Amino acid sequence: MKSALMRPILLLVVVMLMASGCVVKEKVDEFMDAKDGNLRKRVAVAPFTSGLASLDKSSAKIGAAVEADLKTHGGIVVVEFAKVEEAMAAVDPAVRDQRERVVLACRQLGVSCMVIGTLTDLSVQSQKTGIYGFRENTPFLAMELNLQLIDVSTGSVMADKALQSSQELSDIDATNLRMGQAPSKALEAQLEADLVAPAMKWTWSNISAMRWSGFVLSVDGPRLEVTIGRDTGMTVGDEVVVYTKGEKIVTGSGNVVYLLGRPAGVVRLVELGPRTSWATPMQPEEGEQAPGPFEPGQVVLTE
């Protein structure tokens with residue numbers, strides 16, 4: 001019941017994410033490379049939405065297809081979005097911004113990025129064809145899908161893409177659609193199907209290019225609990241870098257974005273579990289700064 005009540009709020013947050021823009025992309029780019037491409041990244045796919053009620057089923061099908069495709073890739077661990085909903089319920093009530101609550105919930109689950117998608121348009125358009133002076137306006141029905149990947153470590157948009165599928169129409173069909181007639185189910189299904197493959201390809205290629213990230217869950221004396229498990233491909237003895245919390249800024253659209261701080265220190269995995277593990281700080285070389293401070297919520301990256 002709680003999950004059902006929360007879903008409308010989450011869908012509203014998805015719309016807010018789509019409108020936020022890539023406000024700190026240059027900062028995110030600093031931490032995107034292929035060095036850790038062999039590590040498995042945890043990814044959450046939010047329910048795909050639409051501004052048009054008639055396209056709700058189509059958007060849901062495309063989103064389900066993208067999620068199913070990600071599960072077939074070895075470098076991905078898909079976290080069911082229901083778990084994000086559950087984690088949201090545990091976020092500090094003092095955090096009132098719903099978008100920030102989603103990002104913090106993803107951090108608790110060690111999610112590196114979240115995929116969101118929205119069918120934004122289904123309309124009759126026209127394209128001029130032929131030689132100038134003898135041109136014709138060829139009508140077609142177009143469906144547009146907007147995709148974004150949210151970098152959970154910063155809360156910013158790391159990549160976005162507008163995809164479009166189209167089917168040519170006769171003049172009569174175009175006129176009928178412009179006058180309010182609904183497109184045939186077969187035509188709508190074809191437009192939907194034509195978006196699936198490019199949506200899968202774009203999503204996977206961008207996730208595979210981004211850098212793996214994790215988070216500090218808790219600190220117990222000299223030990224840190226981090227969102228690194230056997231599912232990531234790491235092993236006991238591996239080392240990662242913990243970053244202090246950087247500046248928290250509010251963008252012009254009202255969204256919260258986290259900037260990465262300085263390196264707090266290198267930690268070594270000493271006890272590995274299925275989804276989390278314990279790590280201890282490495283002692284610095286002579287003349288280097290002592291590690292720390294360490295605290296929950298800090299970002300963990302590979303060296």
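By convention here, the first residue in the shown sequence is residue 1. Since the model is a prediction, treat every value here as computed from it, not as a measurement.
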Flag if over 12 foreign heavy atoms under 6.0 Å of CZ, Arg96: no

ILVMFWY clustering at 4.5 Å (side-chain atoms), partners of Ile172: none

Minimum heavy-atom distance Ala162-Glu144, with the two atoms named: CB-OE2, 4.2 Å

Val79 and Val43: CA distance, side-chain angles, deciding distance, side chain to side chain contact (heavy atoms under 4.5 Å, CB included) verdict: CA-CA 6 Å; Val79 177; Val43 177; over 6 Å; no

Ser112 (side chain) donor-acceptor with Trp212 (main chain) under 3.5 angstrom: no

Any donor-acceptor pair under 3.5 Å from Thr175 side chain to Asp171 backbone: yes

Separation of Thr280 OG1 from Glu271 CD (nearest 0.5 Å): 11.0 Å

Side chain to side chain contact (heavy atoms under 4.5 Å, CB included) between Phe48 and Ile116, worked out: CA-CA 6 Å; Phe48 279 25; Ile116 57 178; 5.8 Å; no

Minimal non-hydrogen separation, Leu141 against Val124, with atom names: CD1-N, 4.0 Å

Single hit among Leu177, Thr138, Asn176 for side chain to side chain contact (heavy atoms under 4.5 Å, CB included) with Leu169: Leu177

Side chain to side chain contact (heavy atoms under 4.5 Å, CB included) between Cys106 and Val84, intermediate numbers included: CA-CA 6 Å; Cys106 285; Val84 177; 4.1 Å; yes

Nearest-0.5 Å distance, CD of residue Glu85 to CE of residue Met88: 8.5 Å

Val152 side chain near Ser213 side chain, heavy-atom distance below 4.5 Å: no

All ring pair (Phe, Tyr, Trp, His ring centres under 6.0 Å) counterparts of Trp204, not counting sequence neighbours: His73

Residue pairs fulfilling side chain to side chain donor-acceptor pair (under 3.5 Å) with at least one residue in residues 181-197, sequence neighbours excluded: Ser58-Glu192, Gln167-Asp194, Gln190-Asp194

Stepwise side chain to side chain contact (heavy atoms under 4.5 Å, CB included) test for Lys83 and Leu109: CA-CA 8 Å; Lys83 293 187 179 298; Leu109 299 172; 4.1 Å; yes

Side-chain (Ser165) to main-chain (Leu191) donor-acceptor, under 3.5 angstrom: yes

Nearest-0.5 Å distance, OH of residue Tyr243 to CG of residue Leu259: 14.0 Å

Closest contact, heavy atoms only, Leu147 versus Gly117: CD2-CA, 4.1 Å

Donor-acceptor under 3.5 Å (Arg275 side chain, Gly229 main chain): no

Short side-chain to backbone donor-acceptor contact, Thr118 and Thr120, under 3.5 Å: no

Cluster overlap Phe294 with Trp278, hydrophobic side-chain contacts below 4.5 Å: no

Residues forming a side-chain contact (heavy atoms from CB on, under 4.5 Å) with Val77, sequence neighbours excluded: Arg40, Arg42, Asp231

Smallest separation among heavy atoms of Val196 and Ala65, with atom names: CG1-CB, 3.8 Å

Verify same cluster id: Leu272, Val270 (apolar side-chain graph, 4.5 Å): no

Contacts of type side-chain contact (heavy atoms from CB on, under 4.5 Å), residue Val78, not counting sequence neighbours: Glu67, Leu70, Lys71, Ile76

Ser277 and Val226, any side-chain heavy atoms less than 4.5 Å apart: yes

4.5 Å side-chain heavy-atom contact, Val240 and Met234: yes

Side-chain heavy atoms of Ile228 within contact of Val300, under 4.5 Å: yes

Check: Glu100 main-chain N/O paired with Asp97 side-chain donor or acceptor under 3.5 Å: yes

Closest heavy-atom pair and its distance - Thr276, Leu217: CG2-CD1, 3.6 Å

Leu163 side, atom CG; Asn146 side, atom CG - distance, nearest 0.5 Å: 8.5 Å

Common cluster, Leu39/Val242, ILVMFWY with side-chain heavy-atom separation under 4.5 Å: yes

Donor-acceptor pair between Thr302 and Arg211 side chains, under 3.5 angstrom: yes

Backbone N/O of Ser153 and side chain of Arg107: donor-acceptor pair under 3.5 Å: yes

Atom pair CG (Leu195) and CG (Leu119), whose distance is rounded to the nearest 0.5 Å: 7.0 Å

Glu168 and Pro139, any side-chain heavy atoms less than 4.5 Å apart: no

Minimum side-chain heavy-atom gap Gln125-Gln164 below 4.5 Å: yes

Of Thr235, Leu224, Asp238, the residue whose pairing with Leu269 passes side chain to side chain contact (heavy atoms under 4.5 Å, CB included): Asp238

Distance-only polar pair, side chains of Ser59 and Thr49, donor-acceptor under 3.5 Å: no

Arg268 side chain vs Met282 backbone, donor-acceptor pair below 3.5 Å: no

Side-chain heavy atoms of Tyr258 within contact of Val299, under 4.5 Å: no

Leu52 side, atom CG; Asp121 side, atom CG - distance, nearest 0.5 Å: 7.5 Å

Thr244 side chain to Ala264 backbone, donor-acceptor under 3.5 Å: no

Check: Trp202 main-chain N/O paired with Asn206 side-chain donor or acceptor under 3.5 Å: yes

Heavy-atom closest contact (Val111 atom, Ala44 atom, distance): CG1-N, 3.8 Å

NZ (Lys245) with more than 12 external heavy atoms under 6.0 Å: yes

Non-neighbouring partners of Lys57 that pass side-chain contact (heavy atoms from CB on, under 4.5 Å), sequence neighbours left out: none

